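These notes concern the structure reproduced below.
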There are 2 protein chains.
Amino acid sequence: MISETTQDRTEAGTDTSGGARPSATVGRKRDASRDATILDAAISILAEVGYDGMTMDMVAVRAKAGKATVYRRWATKADMVLEAVARMKREQVDLDNLPDTGSLRDDLLALFRPQPMEETERKLRAMAGMTALLSQHPALADTAHDALVAPWVEANRVLIRRAVDRGEIPPDADIEMVAQVMPSMGAYRTLIRRQPFDRTFLVAMVDGLVLPALGLPCK
Amino acid sequence: MISETTQDRTEAGTDTSGGARPSATVGRKRDASRDATILDAAISILAEVGYDGMTMDMVAVRAKAGKATVYRRWATKADMVLEAVARMKREQVDLDNLPDTGSLRDDLLALFRPQPMEETERKLRAMAGMTALLSQHPALADTAHDALVAPWVEANRVLIRRAVDRGEIPPDADIEMVAQVMPSMGAYRTLIRRQPFDRTFLVAMVDGLVLPALGLPCK
DNA sequence: AAGTTTCGAAACTTAATAGTATCGAATTAA
DNA sequence: TTAATTCGATACTATTAAGTTTCGAAACTT
């Protein structure tokens, strides 16, 4: 079972008072930076061996943390993985700072510029590792999608709309469908085929699929 | 570890002679029909709960078989799942009997006619269940792909080539890429999004993506 | 200084399950 | 008839891993 909320503060030890205690104001403070370290280790291991292949000991060892430190933060393995995935969202595509080169093709390719594609591949693999969890908790499918794929789709949507507005491509295309193509094929290629999501593949998708589907070469 | 070959015949009991014995000619014969029943149970459970969620007891119970009957056929769980997936291949798209309506659109839609799409979805879900196994044995990715997706891609390839030959669509499209679109998006939709692979989605892909990418509406 | 909490480390408990062994009944060949 | 083998069922073993507890040291509040 996945807990409703993340554990915050105590409840451990020989406490018998049962009631929820307010955040402790005394004692050593929690090192917030351990959270990120642990979650990052979790994501890496998730990408490598999947949810069921990942043990809490592996995570603790890689993060150089004790298991108590891990379980003080998340009640269960599933809870931890959930937050790890949710956190990836923040590092994703920066929707407020999209490329704007004047060419749709360049915009689409530039989406992967600052952070190289290894990082995208790592995240896709982490998502692959989560599929096992999705079987047990289908509701998590949305969390994973929102965190990893939705921002990418949204970015494509914006870039395509801009191209329509500036008259670069005809306005009658199914933008919604086209915006999903690259994320879908990227996920499939990484998750199922286990092939690299590299620049060659990216360019092939843009030139062989996305732009033609939008009617570009017919102009 | 995954065994090289499927166990055939004996080696069980109190045999101490070590050497590989030829197929027994005496005693009760193996009921070959149990194989299919067991593998079918395995596929269903795989689709429902994934590889790690599936226990050998579940499979035996659903197939109304004893575990000895299962392990007499396959040495390990992974072996069994492998053969189950390989067997799905034979029930897939009939490449020797593809639709040929004279219209690419109708051909693509007709691919899913005889067997309804629930079956396709079940197979895609079984594949989703296998992703966990792929994390541990990446070599299996090819087996799964060959069994479940490659025939579908090949069918698309053939149908598209025919349309090019008869002049329905221009010959300069990236056929290889386009042929992969529907399987990729179908897999992604089923595996990650956990949304239905229904006729509506199929038509949207064909009309909003595949045909436009091939340059059809510009003719 | 005193009391409380967090830290990493490691020992421990407990539940689940892959795989094995055994059972009595049924099937087959010699 | 007899010996070998398969069948479903079930008990058993061994391993793995989630989650708990304990430890001594460090860090923080009052």
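Owing to the predicted nature of the structure, the values given are computational and were not obtained by experimental measurement. Residue numbers start from 1 in every chain, and the chains themselves are labelled A, B, ... in the order their sequence lines are given, proteins ahead of strands.
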Check: A/Lys67 side chain, D/dG19 base, donor-acceptor under 3.5 Å: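 Answer is yes: a donor-acceptor pair is held.
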Distance-only donor-acceptor test, B/Arg28 side-chain atoms vs C/dT27 base atoms, 3.5 Å: no
Indicate the atoms forming the closest heavy-atom contact of [X] with [Y], along with that distance.
X: B/Val153; Y: B/Pro183; result: CG2-CG, 3.7 Å
X: B/Leu111; Y: B/Ala155; result: CD1-CB, 4.0 Å
X: B/Pro99; Y: B/Arg162; result: O-NH1, 2.9 Å

Whole angstrom is fine here: how far is it from [atom1] in [X] over to [atom2] in [N]?
X: A/Arg30; N: D/dA27; atom1: CZ; atom2: C1'; result: 15 Å
X: B/Asp57; N: D/dA9; atom1: CG; atom2: C1'; result: 11 Å
X: B/Arg72; N: C/dG19; atom1: CZ; atom2: P; result: 16 Å
X: A/Met56; N: D/dT20; atom1: CE; atom2: C1'; result: 13 Å
X: A/Tyr51; N: D/dA18; atom1: OH; atom2: C1'; result: 10 Å
X: B/Asp52; N: C/dA18; atom1: CG; atom2: C1'; result: 12 Å
X: B/Tyr71; N: D/dT10; atom1: OH; atom2: P; result: 18 Å
X: B/Lys29; N: D/dT5; atom1: NZ; atom2: P; result: 13 Å

Sugar-phosphate only, base, or nothing, as touched by [X] at under 4.0 Å among non-hydrogen atoms:
X: B/Thr55; answer: sugar-phosphate
X: A/Ala60; answer: nothing
X: B/Met80; answer: nothing
X: B/Met58; answer: nothing

Of all the nucleotides listed ([options]), which has the minimum atom distance to the side chain of [X]?
X: A/Asp31; options: D/dT29, C/dC7, D/dG8; answer: C/dC7
X: B/Ala68; options: C/dC7, C/dA21, C/dA18; answer: C/dA21
X: A/Ala65; options: C/dA18, C/dG8, D/dT29; answer: C/dG8
X: A/Lys77; options: D/dC7, D/dA18, C/dC7; answer: D/dA18

Of B/Gly27 and B/Arg34, the one whose closest DNA chain D nucleotide lies more 5':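 Closer to the 5' end of DNA chain D: B/Gly27.
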First encountered from the 5' end of DNA chain D, between A/Met54 and B/Ile38: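 Between the two, 5'-proximity favours B/Ile38.
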Distance, nearest 0.5 Å, that separates CD of B/Glu48 from CZ of B/Arg125: 10.5 Å
From CD1 (A/Ile38) to CG (A/Asp40), nearest 0.5 Å: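 One gets 11.0 Å once the value is rounded to the nearest 0.5 Å.
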Assigned partner base of C/dA11, Watson-Crick or wobble definition, under 3.5 Å: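 Its partner is D/dT20.
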Contact under 4.0 Å: B/Thr69 side-chain N or O vs D/dG8 OP1/OP2: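 For B/Thr69, the contact criterion (side-chain N or O under 4.0 Å from OP1 or OP2 of D/dG8) is met.
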Plane angle bin for B/Tyr188 and A/His145 - parallel if under 30°, tilted between 30 and 60°, otherwise perpendicular: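 Plane angle between 30° and 60°, so tilted.
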